[in-house]
Amino acid sequence: MLLFLDTANLEEIRAGARMGVIAGVTTNPTLLAREGVLDTEGHIKRIVEILPGPISVEVTATDTKGMIQEAVGVARWSEHVVVKIPTTPSGLEAMRLLKEQGIRVNATLIFSPNQALLAALAGATYVSIFLGRIDDISWDGLKVVRKTVELFQVQGIPSQVLAASVRHPLHVLEAARLGCPVVTMPFSVLQQMIKHPLTDIGLERFLADWRKLQAMREEARV
Ligand code: G3P
């Protein structure tokens with residue numbers, strides 16, 4: 001399975017890339033606005049230099065023609081760009097036409113297995129299920145992920161289910177256990193996944209004992 005970072009912050013992407021566990025990046029207009037990005041093309045190209053994996057960039061047009069126009073332009077920035085298209089009737093039409101042009105699509109804003117199925121049939125490479133936002137309305141985001149993963153397996157659908165809107169490490173773990181092939185998460189969740197108090201305590205103890213041993217050696221030398 002692959003882990004992506006859901007961020008447009010270059011420092012976070014650098015840190016994730018250095019750890020060697022992050023295979024791609026997903027952005028959206030909110031994440032770009034959070035970083036105050038003025039030049040989207042330049043920023044996405046910098047991300048590609050740091051992490052040359054799939055980088056999702058979302059279109060802002062809402063009509064099919066506009067989405068395609070934007071997508072074609074964005075896809076030219078780098079071979080690593082995957083165009084995020086909202087899963088609406090116009091979006092489905094755009095996905096199909098972009099597939100014909102060989103442009104990879106990440107179908108976004110998916111909240112049900114049926115939306116995921118339609119996006120997959122329209123040719124999306126990734127289908128992004130916003131599991132945290134599903135949980136927010138007291139429904140079960142992981143259930144939607146599970147049903148979609150099962151559906152794609154049973155039908156032999158090649159599109160990749162991408163668990164997005166991840167809020168905590170349990171989302172990542174459970175999506176992975178369900179067989180979800182891609183999970184995108186904020187950098188804070190990656191940090192939470194790594195952190196364990198017993199690791200810190202254990203390291204502290206090893207270092208203290210090592211210092212004691214060094215002191216004993218010094219003493220033995222005198
Ligand atoms: O990238 C799309 C998705 O991950 C957004 O998550 O936290 O805004 O629901 P969130």
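Remember, it's 1-based here, ligands and their atoms both numbered in the order they're listed. Just so it is clear, the structure is predicted and the values come from calculations on it, not from any experiment.
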Could you tell me whether the side chains of Asn28 and Glu58 share a donor-acceptor contact shorter than 3.5 Å? no
Between ligand 1 and Ser165, is the shortest N or O to N or O distance under 3.5 Å? yes
Per-atom contacts, ligand 1 versus Lys84 - under 4.0 Å to a heavy atom: 1 (O), 2 (C)
Is Glu11 paired with Arg14 through a side-chain N to carboxylate O contact shorter than 4.0 Å? yes
Check this for me - ligand 1, Asn28, N or O atoms closer than 3.5 angstrom, yes or no? yes
Donor-acceptor side-chain pairing of Gln214 and Arg217 below 3.5 angstrom: yes
Are side-chain N/O atoms of Arg167 and Ser165 paired as donor and acceptor at under 3.5 Å? yes
With distance as the sole criterion, is a donor-acceptor pair present between the side chains of Thr26 and Ser56 under 3.5 Å? no
Heavy atom of the protein closest to atom 4 (O) of ligand 1 (residue, atom name, distance): Asp6 OD2, 2.5 Å
In plain terms, say whether Glu174 and Arg177 are close enough for a salt bridge, that is, a side-chain N and a carboxylate O under 4.0 Å apart. yes
Any atoms of ligand 1 less than 4.0 Å from a non-hydrogen atom of Ala164? List them with their elements. 4 (O)
If the cut-off is 4.0 Å to any non-hydrogen atom of Arg133, which atoms of ligand 1 fall inside it? 5 (C), 8 (O), 9 (O), 10 (P)
Report the nearest protein non-hydrogen atom to atom 7 (O) of ligand 1: residue, atom name, distance rounded to 0.1 Å. Arg167 NH2, 3.4 Å
